[in-house]
Structure formats: structure tokens, C-alpha cells
Amino acid sequence: MNILLVSAELAPFAKVGGLADISGALPIGWKRIGHNPIIVIPKYKGIEEQFHILKTDLSISFTLFEKERVFPIWTSTLPHEDIPVYFIESDDLYDRPGIYGNPDGYADNDERFFVLCKSAFELMIKLDIKPDIISAHDYHTALLLPLLQFTYSKHPLFESSKGVLTIHNAQYQGWYDLQRMIAMTSWNPEDCLWKGEFNALKTGIDYADLIIAVSPSYAKEILMPEFGEGLENVYSQYSDKLIGILNGVDYALWNPESDTCIEHHFSKSDLTNKLIGKIQLNKHYFEDNIDCDKLPLIGMVSRFTDQKGIDLLEGCIENILEQGLCRLIVLGSGEERYQSYFNALQLHYPQFVSYSQGYNEQLAHHILAYSDFFLLPSRFEPCGLTQLYALNYGTIPIVRSVGGLKDSVQPFDSITQQGDGIVFQEFAKEALHNALMDALSLYHNSTMLQSIMNNAMQADYSIEKTAKEYIDEFKKLLHKN
Ligand code: ADP
Ligand code: GLC
């Protein structure tokens, strides 16, 4: 099967969050089970300097707002994999700080992502590749689906292609000005009008042959107003083409025995180096090192948005820190209110809180690998990848039972000794407080701690499994008609 994947993010070239990891991992999974993925992303600022990518002698051109535009094509492969990645060059659109222009988004994101999607089709024509599946991800590349329907469905290369939309996050939808979209695309306004505007995600949903939410629970949750972000009725209308497939992990990258971002490797049978790593992390990131090997270390690595449940911490964790019961190490950036909160927390409890603001791939791996617990108290979580990574390092997830967290972390039962995490239900400070206290008492019971760590490290969320589930669905689609 030829599978064209187009995404706004792709690890390691351009990453903000989990979308990048999955856009990189899925094709690896598909390739490992015998298929041919081709990836297309924008050539963002800095990629050329940081990575080995080559300018090809290919370029594509089309008319945009009545002007003929030319887009040179660059190429590379995923690291250590023979999977082609094509980069669309357009400095006026992509050579900017940041991928999205957060917090409000660049005013021309409609054009930036439309160009990406249309270029992907034009590139397939240039390369004479017939994609069986066109794999779109979130609102940014949801425009592939109306493009397939309205612009390319009669083209011999695409006449039997199927369009699949993976929803990583229903909160972001791409609300664009309808007139501008019509001017750019020449589509019929009646085919894409939604609440007086153009909603990229909604339009993608309308024209997708299949919609995949990134976990089975999230596929159900988005049918409800609490999670559907205004599109719950639309999802319900299309429930016969909506499924959930849990994301997976490329264990070649996230592995305690071989992770190239950590120095002290360890395994299920020998955890000595996990403790050494923890002590080192404590030394580097905290003011003073009293009994750091005996004090539980709770890690967080997160984009700071209201999704991630950081609001629950305030007025809850302070009580625990006051008593010096644990240390908290946090890496993340995003909304100012959360950054200020962690800065203030660190200032107030310098012995017990360390906060690193910003994006730091290496530190993310250190925290995930060497902490005792990993905290994700999300308000909603389509899948969540960090809890999957944490499990593989024997770092026990403390999560709220929602979305993919619910599907991937089994609550530990002290009687049966089954389960691999601490799970709480309600989005409430008290529920989080109880979960944290449970975690801390578990930490001091070495038999139970060993059991839960062992269970965690046995969990298998490999990307090959996820990729195979996608392929099974793709096959069903292609045999339809
Ligand atoms: P989301 O996509 O909602 O942010 P996920 O759990 O799916 O959440 O994926 C987050 C990814 O981004 C993980 O690979 C995580 O390690 C990474 N990440 C998040 N914040 C940072 C940060 N500040 N520095 C480095 N990596 C980060
Ligand atoms: C989104 C979601 C996250 C998911 C990731 C990858 O950013 O917030 O839960 O794991 O996409 O699918």
C-alpha cells in the first residue's frame, strides 16, 4: 500500500507535541509491516540548518489568489529509516518562528496549511505515485480531504484513493474566513459553510472516508458536548465512520536500554542505573540534596494548556510540598499563567520543586526515565504519549481516567498486585490529592513498588501494533465500493 501522510509536525524535524511523534512513528510501523509511506511537511525555519536535507531539482507550481506560485521541494528520510520525507519550501509562509504562531495562530494559517495540502497532491503527480491512502492529521491537513473530493478525485492517480482523518485533538479546529477560503480554493461555499465561517476540521470530517480518534475512549468522548468542542453532533452524525485506535510508541527511541538521550541505561532486570539517574537529576536540578535517593521524585513534561489539568495542582500539591514528602520536577512551556505558577512554586519550595521553562528534548527523556512517578492530571487527553513512554521506564504514571489515559494505564490493585499506575476519576483537587498520597505511600512499600514497576515495564504499546490496526482499517476501506 502506498500511504501518503501529510502533517504539520514530524519528529525530529518539527515538533511541538505528540502529533510530531505519531506522524513519525506511524510510517515506521507501516514500513516495518511491508507498506510504503511517503511523508510531506513544510520546510520550516531552522530545519535546513539542523538536519541533513537536500534540495531536489523538483518544484511544483499552482495558482493561488490569482498568482502563479512555485514551491521548490527538498528531501530527506526519517533518521535510520528508509522512509522519504518531502519538504515544501515557501519562505514567505514557513520561514517564521514557531510552527503555528501561538497563542493566536498566524493570520494566514489557512493559506499555510492549504498550500501544504495542495502541494502534497501536486508532488504525487510530479513523482507519479498513486497513493492508496491519504492520511490527514488534525485540522492542519484535514484540507486534504475536501481537496481529494473536489479537486483531485477524477485524476487517475487519486481516483481510487481513500482519505483518512486522524483526530489528535478536537479542540483545535482551524476557523478560517469563508470568502478567503473560497477565493483560494474555488470550492463551492455551500459545501463548506459551517456556522457562517469555514471550519477546517469540520470540512475534513465531512469528506473523510474514515475518521480515527487517537484512542477508543476519545472516539466515544467526542460524541459528548464536554469533549466534542461544538462538533459533537457532527461526530454523532458520522459515527459509522468514526473509530478509535490507541497511539503507539517507537520503542527504538523510548527505551531504557538504548535511549540515546540518557546516559545511565537500565532494564527491568537491573534498575540500579535508574536510581543513579535519579540522583544525578536531583543534583542538577535542585538546590540541595538531602536524602534525594529516598525522596520520591514526581515528573511532569507538558505543553501548558488548560487541557493538561495543571489547574488541579494549585492548592493541592502545596500541602504535600510543605511536609517535604516528595520532589516535583517540571519541564514545559505555554500559557503564561501556568509558567508563573511553576516559577512561584519553585521560588517558594526551592528544595522540593524544580521548574525548567521551554522545550528540551533531552531533559524530557531524563525526567521520563529517572523519575519515580509521572503526573498527567489531564482535563481531557485524546491519547497522551508521555504516560506510554513513562511506563516503559518503570516510571509510574499518576493520571486522570480520561481519553487515552484511561485506555493505557491500569489502576494498581494492592491485593491482586495487578495494574501499572495510579488512576483518579474526578477532575477535582481532592481526587488528585488522594492519588498523590496513594502514590507516596506506595513508594514506601518496596514489595508493592517492585510489582507496579514490573507491571509497568511489561506493558506493550508498540507502534507496530497501532500501525497494524490502521492497516487493517485501510484494507477494509480499499475493499469497499
Ligand atoms: P500533547 O501532544 O498533547 O502535547 P503527548 O503526550 O501526546 O501530548 O505528547 C507530548 C510530546 O511532547 C512528548 O513527546 C513529550 O515528551 C513532548 N514534550 C512536551 N513538552 C515538552 C517540552 N517542554 N520539552 C520537550 N518535550 C516536550
Ligand atoms: C494531541 C493530544 C495528545 C495525543 C497527541 C498525539 O496533541 O493532545 O493526547 O497523544 O496528539 O496523538
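Atoms within a ligand are numbered from 1 in the order they appear, just like the ligands themselves. Hydrogens, waters and symmetry mates are skipped; everything else that's a heavy atom, side chains included, is used.
The closest side-chain donor-acceptor pair between Ser408 and Gln387 falls under 3.5 angstrom. Between Tyr370 and Asn282, the side chains place no donor N or O within less than 3.5 Å of an acceptor N or O (distance only, hydrogens not considered). A donor and an acceptor atom, one from each side chain of Ser90 and Lys43, are nowhere located under 3.5 Å apart. For the 3.5 Å distance criterion, the side chains of Glu318 and His348 fail to qualify, holding no donor opposite an acceptor. A side-chain donor-acceptor contact under 3.5 Å links His137 and Ser135. No side-chain donor-acceptor contact under 3.5 Å links Gln458 and Asp420. For the residue pair Thr466 and Asn247, no side-chain donor N or O sits within less than 3.5 Å of a side-chain acceptor on the partner. In this model, no donor atom of one side chain and acceptor atom of the other lie less than 3.5 Å apart for His265 and Asn273. When only modelled atom types and interatomic distance are considered, Gln410 and Gln418 share no side-chain donor-acceptor pair under 3.5 Å. Between the side chains of Glu336 and Tyr338, no donor N or O sits under 3.5 Å from an acceptor N or O.
Between Tyr100 and His140, the distance from one ring center to the other falls under 6.0 angstrom.
Residue contacts with ligand 1, taken as heavy atom pairs separated by less than 4.0 Å, involve Asp21 solely via side-chain atoms from C-beta onward. When heavy-atom distances to ligand 2 are checked against a 4.0 Å cut-off, Arg303 comes that close only through its side chain, counted from C-beta outward. Residue Asp21 does not touch ligand 2, judged by heavy-atom distances below 4.0 Å.
Atom 4 (O) of ligand 1 has its closest protein heavy atom at Arg303 NE, 2.6 Å. For atom 23 (N) of ligand 1, the closest non-hydrogen atom on the protein side is Gly358 O, 2.8 Å. Scanning the protein heavy atoms around atom 10 (C) of ligand 1, the nearest turns out to be Gly18 N, 3.5 Å. For atom 6 (O) of ligand 1, the closest non-hydrogen atom on the protein side is Leu385 N, 2.8 Å. At the top of the distance list for atom 22 (C) of ligand 1, counting protein heavy atoms only, stands Tyr359 CD1, 3.5 Å. Nearest protein neighbour of atom 24 (N) of ligand 1, counting heavy atoms only, is Asn360 N, 3.0 Å. At the top of the distance list for atom 16 (O) of ligand 1, counting protein heavy atoms only, stands Thr386 CG2, 3.8 Å. When hydrogens are left out, the protein atom nearest atom 18 (N) of ligand 1 is Val301 CG1, 3.8 Å; that is the closest non-hydrogen contact.
Distances between N or O atoms of Cys383 and those of ligand 2 include at least one value under 3.5 Å. Distances between N or O atoms of Lys308 and those of ligand 2 include no value under 3.5 Å.
Judged by the shortest distance from any of its heavy atoms, Gly384 lies inside the 4.0 Å radius around the atoms of ligand 2. Residue contacts with ligand 1 include Lys15, since one or more of its heavy atoms lies under 4.0 Å from the ligand. The closest approach between a heavy atom of Gln307 and any atom of ligand 1 is below 4.0 Å. Under a 4.0 angstrom heavy-atom cut-off, Ser356 registers as lying outside contact with ligand 1. At least one heavy atom of Ser302 sits closer than 4.0 Å to an atom of ligand 1. Using a 4.0 Å heavy-atom cutoff, Lys308 is listed among the residues neighbouring ligand 1.
Under a 3.5 Å cut-off, the side chain of Asp132 and the backbone N or O of Asn2 do form a donor-acceptor pair. The backbone N or O of Glu9 lies less than 3.5 Å from a partner atom in the side chain of Ser23, making a donor-acceptor pair.
Per-residue contacts place Asn169 under 4.0 angstrom from the following atoms of ligand 2 (heavy atoms of the residue considered): 8 (O). In the vicinity of Tyr389, heavy-atom distances shorter than 4.0 Å reach the ligand 1 atoms 14 (O). Close approach of ligand 1 to Ala364 is summarised as follows: ligand atoms under 4.0 Å from at least one heavy atom of the residue are 25 (C), 26 (N).
For the ring pair (Phe, Tyr, Trp, His ring centres under 6.0 Å) test with Phe13, the passing option among Phe87, Tyr44, Trp74, Tyr94 is Phe87; the others fail.
For atom 6 (C) of ligand 2, the choice among Gln307, His168, Glu381 with the nearest heavy atom turns out to be His168.
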